[in-house]
Amino acid sequence: MLQSLTKINFLLSISARSFSLQMNSSKRFKRIAPKRNKSVRLSQSCNDSERCANKSSKSVIVRTRTTPRHNQTLPQPKLKIQSSLVSDPCFRDTTILPHDFFQIDALDLAPRLLGKFLRRDDVVLQITEVEAYRPNDSACHGRFGITPRTAPVFGPGGNAYVYLCYGLHTMLNVVADKEGVGAAVLIRACAPVCGLETIQQRRGQQTEKPILLTGPGKVGQALGISTEWSYHPLYTPGGLELLDGPEPDKILIGPRVGIEYALPEHVNALWRFAIADTPWISAPKNTLRPP
DNA sequence: GAAAAGATTAAA
DNA sequence: TTAATCTTTTCC
């Protein structure tokens, strides 16, 4: 496992002076990861006790749990995550990005998210590809205004917006800009940094190849999140966090994927951003070019 | 109340 | 190339 992660980090080819991505203690992460009982494992889309409790449509998960819910509190896993942060040299210097970081135009935020880290439990992913969705954008979910589904998009920047696509895939967005604006950045692809075994388990694929994490639905699955994670603040410790990371040397830009229904000006807008020289990019790759 | 479509994925 | 799969939104 150590060998494979080292290989993956090599492939990233990012200047990471202050970020040693070497994983010299993978087994420690495994030990620190909160244990899940069988019922939770069945649905990896909901491992968070508070969210499961609020779940209505997927109450099957709640019913099948063996541990009484009221015995589980949020601070416990939070502390464990903190201890792993301190004890592992890999992430000693990393910091959670502050609330202010996200209060900008999605078009500015999107490229700035490249190279940053998403962390949940023992899983750490590095963001390699994103898309910006903005106000007055005929491809943005916010185009319908504030609805039950899209309300999170109009929340303050730094929250998560998770939606279900094709009834199957959970898509993670980082809400951008001020409250009420209605902008977000879709995470389209990541590279694995820590917790490879958990990622593979959640994905159901025993591979280290880019097929593991190159696609927005794959990222959501690897992080084990559901739509219940909408509104979750990424700038506070616990749950899902966005950590600072190295700025990529070179990036690529291109038109966004799968928005043929939008107006031509938005279909053609170059609002897709990716790290150059990494294999962790989703399809299609041939529409990406240097700026 | 019904119908259509979707910021996709994996397998054939 | 195509099936899987279901929520959200729009239209009548």
Classify A:R256 by what it touches in the nucleic acid, base, sugar-phosphate, or nothing, heavy-atom distance under 4.0 Å.
nothing
Salt bridge flag under 4.0 Å for residues A:R120 and A:E241:
no
Under 4.0 Å between a side-chain N/O of A:R143 and OP1 or OP2 of C:dT9, yes or no?
no
How many whole angstroms separate atom CZ of A:R188 from atom P of B:dA7?
11 Å
Applying the side-chain contact (heavy atoms from CB on, under 4.5 Å) criterion to A:I187, which one of A:V174, A:N173, A:L242 satisfies it?
A:V174
Assign A:F144 to base, sugar-phosphate, or nothing according to its heavy-atom contacts below 4.0 angstrom with the strands shown.
sugar-phosphate
From the options B:dA7, B:dA10, C:dA4, select the nucleotide whose nearest atom is closest to the side chain of A:Q205.
B:dA10
Between C:dT7 atom C1' and A:M171 atom CE, what is the distance in whole Å?
14 Å
Are A:Y133 and A:H141 close enough that their ring centres sit under 6.0 Å apart?
no
Of A:L118, A:V123, A:V124, which meets side-chain contact (heavy atoms from CB on, under 4.5 Å) against A:V193?
A:V124
Is there a side-chain contact between A:L186 and A:Y161 in this structure, where contact means two heavy atoms from C-beta onward sitting under 4.5 Å apart?
no
In whole angstroms, how far is the C1' atom of B:dT9 from the NZ atom of A:K209?
18 Å
Rounded distance (Å) that lies between atom P of C:dT8 and atom CZ of A:R149
7 Å
Distance check needed: B:dA5 P versus A:Y166 OH, whole Å only.
11 Å
Expressed in angstrom and rounded to an integer, what is the separation of A:E260 atom CD from B:dA5 atom P?
14 Å
Between atom CD in A:E129 and atom C1' in B:dA7, what is the gap in whole Å?
11 Å
Does A:H169 contact B:dA7 through a side-chain donor or acceptor facing the base, at a distance under 3.5 Å?
no
When you measure from the side chain of A:T150, which nucleotide among B:dA7, C:dT7, C:dT9 comes out closest?
C:dT9
Side-chain N or O of A:T147 closer than 4.0 Å to phosphate OP1/OP2 of C:dT8
no
Using a 3.5 Å distance criterion without hydrogens, assess whether the side chain of A:Q221 forms a donor-acceptor pair with backbone atoms of A:H169.
no
Could you check whether A:I259 gets within reach of a base, just the sugar-phosphate, or nothing at all, counting any heavy atom under 4.0 Å?
sugar-phosphate
Is A:R256 salt-bridged to A:E131, going by a charged N under 4.0 Å from an acidic O?
no
OP1, OP2 of B:dA7 versus side-chain N and O of A:R272: anything below 4.0 Å?
no
Atom pairs and distances, side-chain donor-acceptor, residues 101-111 of chain A, under 3.5 Å, sequence neighbours left out:
residue: A:Q103; atom: NE2; partner: A:H99; partner atom: O; Å: 3.0
residue: A:Q103; atom: NE2; partner: A:H99; partner atom: NE2; Å: 3.2
residue: A:Q103; atom: NE2; partner: A:G157; partner atom: O; Å: 2.8
residue: A:D105; atom: OD1; partner: A:L107; partner atom: N; Å: 2.8
residue: A:D105; atom: OD1; partner: A:R134; partner atom: NE; Å: 3.0
residue: A:D105; atom: OD1; partner: A:R134; partner atom: NH2; Å: 3.3
residue: A:D105; atom: OD2; partner: A:R134; partner atom: NH2; Å: 2.6

State whether the aromatic ring of A:Y261 stacks on the base of B:dG6, taking stacking to mean ring centres under 5.5 Å apart and ring planes under 30° to each other.
no
I want to verify a distance call: between C:dT9, B:dT8, B:dA10, whose nearest atom is closest to the A:K218 side chain?
B:dA10
Map every base of DNA chain C to its dot-bracket character, where paired means a Watson-Crick or G-U wobble contact with both distances under 3.5 Å and | marks a partner outside the strand.
||||.||||||.
Rounded to the nearest angstrom, tell me the gap between atom CD1 in A:I211 and atom P in B:dA11.
8 Å
